[in-house]
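Worksheet: the structure to be examined is printed underneath.
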Amino acid sequence: MADTLTQTLAPIIAADSAQTGVFPAFSADSLFIPAPRAAESPFRSVSPEEIFGTLSQMVVEPAGAGYVPAKNNILSSDAVFQLSVLFLAAGYCAALYFFRSSALALIKIPRSKMYADQMLGQTNYTFNTFLACMSLLGTLALSVATVKVADIFLPLPWKAALPVWVSVSAVPLVAAALASLRLFSRMALHIAGAVTASGGFTSRLWQLRRLVFSFCTLVLTPVLLMLALGGQGNAVYAAPLLTAGIAAAIFLSYKTYMLFREENVSILHWFLYICAVEIFPVSLVVSLIYRYI
């Protein structure tokens, strides 16, 4: 068939090529072009043993161990926490603006013992209002800092195990716990003053606690805001804040000790005050949290 087709078409193509010079002469073999060979793939299939070794084993993920989105477990990502930080920043700036003279007076307390004694007997309405504002802001600042530190250092499985309502209302819960501690301290001092007929001394002691707490709030709130507004990398602020908290506790203990000495109260009573009013409530709350978590 091919030879017949070649013999038939060869004279016609040769005549046309001689006239036009377009087609060169060709043979019968040039009519059949072999199909191109498929290129070999550079890839090949291998077994898992060739990649990971013969001693490797396949681990099957247990049911229910899927990835949990971080936004459901991070304590500082909800709207309540963000609003608390915003309210803290706005309240702190407003307190500095409206109580400038009271803030300057509070800053001078660590410098002079005589000035601190004058502050203990201060009955100025403006100054007492400033102390009340600092107490509220300090409670909120401690609540925000506690939630942020817990969010940074608690393992993810612990945070994932918390109920949703706890994660959402973490700041109000911590604030309520701190307010309960403050109320307990106030009631303990009031009862002790009523039983021992030393209401004036316990009132001065309570005023001293308010002054020290307001002073720490005034100084440490900017650092607490930087901790709260930052991301997970702001754990660097945790160590300075812990050091500042220890320093504040030592400063309060020293001031109360000096007040007990000035009033000629036994050092044993001061030790009982530290244990019953300052240490016992905090240790009780910590033990309850540790038991249920």
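Predicted model, so just to flag it, every value in this text is computed and none were measured.
- Residues satisfying the side-chain contact (heavy atoms from CB on, under 4.5 Å) criterion with Ser180, sequence neighbours excluded, are absent altogether.
- Tyr257 is not listed as a side-chain neighbour of Ile274, based on a closest heavy-atom distance of 4.5 Å or more.
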Enumerate donor-acceptor pairs with a distance under 3.5 Å from any side-chain N or O in residues 136-144 to protein atoms, sequence neighbours excluded.
residue	atom	partner	partner atom	Å
Thr139	OG1	Ser135	O	2.9
Ser143	OG	Thr139	O	2.8
Ser143	OG	Ala175	N	3.2

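- Distance check, rounded to the nearest 0.5 Å: CE of Met134 to CZ of Phe127 gives 11.0 Å.
- A 4.5 Å side-chain heavy-atom check between Leu252 and Glu278 finds at least one atom pair inside the cut-off.
- Phe260 and Ile279 end up in the same hydrophobic cluster when Ile, Leu, Val, Met, Phe, Trp and Tyr side chains are linked at under 4.5 Å.
- Here Lys255 contributes atom NZ and Met258 contributes atom CE; the two are 8.0 Å apart, rounded to the nearest 0.5 Å.
- Counting only residues at least two apart or in different chains, ring pair (Phe, Tyr, Trp, His ring centres under 6.0 Å) contacts with residues 75-98 are absent.
- Here Leu83 is tied to no hydrophobic group at all, with no ILVMFWY side chain closer than 4.5 Å.
- Residues passing the side-chain contact (heavy atoms from CB on, under 4.5 Å) test with Phe184 are Phe280, Pro281, sequence neighbours excluded.
- With contacts defined as side-chain heavy-atom distances shorter than 4.5 Å, the pair Leu272/Val277 does not qualify.
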Start with the C-alpha distance between Ser214 and Leu106, add both sets of side-chain angles, then the distance that settles side chain to side chain contact (heavy atoms under 4.5 Å, CB included), and finish with yes or no.
CA-CA 8 Å; Ser214 300; Leu106 188 62; 3.8 Å; yes
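- Of the inter-residue distances, the one linking Leu259 atom CG with Tyr254 atom OH reads 12.0 Å to the nearest 0.5 angstrom.
- Considering only residues two or more places apart in sequence or on other chains, Phe130 meets the ring-ring contact (aromatic ring centres under 6.0 Å, His included) condition with Phe99.
- Under the 4.5 Å side-chain heavy-atom criterion for ILVMFWY residues, no single connected hydrophobic cluster contains both Ile191 and Val265.
- Remark: Ala177 pairs with no residue by the side-chain contact (heavy atoms from CB on, under 4.5 Å) rule, at least two apart or across chains.
- A donor-acceptor contact shorter than 3.5 Å links the side chain of Ser287 to the backbone of Leu284.
- Minimum heavy-atom separation, Asn128 to Gln207: OD1-NE2, 4.1 Å.
- Using a 4.5 Å heavy-atom threshold, the side chains of Arg182 and Met187 count as separate.
- Within the 4.5 Å cutoff, the side chain of Phe215 has no heavy atoms near those of the Leu211 side chain.
- Residues Phe251 and Tyr273 fall within the same hydrophobic cluster, defined by Ile, Leu, Val, Met, Phe, Trp and Tyr side chains chained together at heavy-atom separations under 4.5 Å.
- Pairs passing the side chain to side chain donor-acceptor pair (under 3.5 Å) check and including a residue from residues 183-196, sequence neighbours excluded, read Thr196-Ser198.
- Both Met226 and Val149 sit in one connected hydrophobic cluster of ILVMFWY residues. Membership requires side-chain heavy atoms under 4.5 Å apart, directly or through other members.
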Only distances under 3.5 Å count here; give the side-chain donor-acceptor pairs of residues 217-225 to other protein atoms, sequence neighbours excluded, each with its distance to 0.1 Å.
residue	atom	partner	partner atom	Å
Thr217	OG1	Phe213	O	2.8
Thr221	OG1	Thr217	O	2.4

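- With sequence neighbours excluded, the residues satisfying side chain to side chain donor-acceptor pair (under 3.5 Å) with Thr256 are Trp270.
- In this structure Ile246 satisfies the side-chain contact (heavy atoms from CB on, under 4.5 Å) test together with Leu242, Ile250, sequence neighbours excluded.
- With rounding to the nearest 0.5 angstrom, the CG atom of Leu131 is 5.0 Å from the CZ atom of Arg210.
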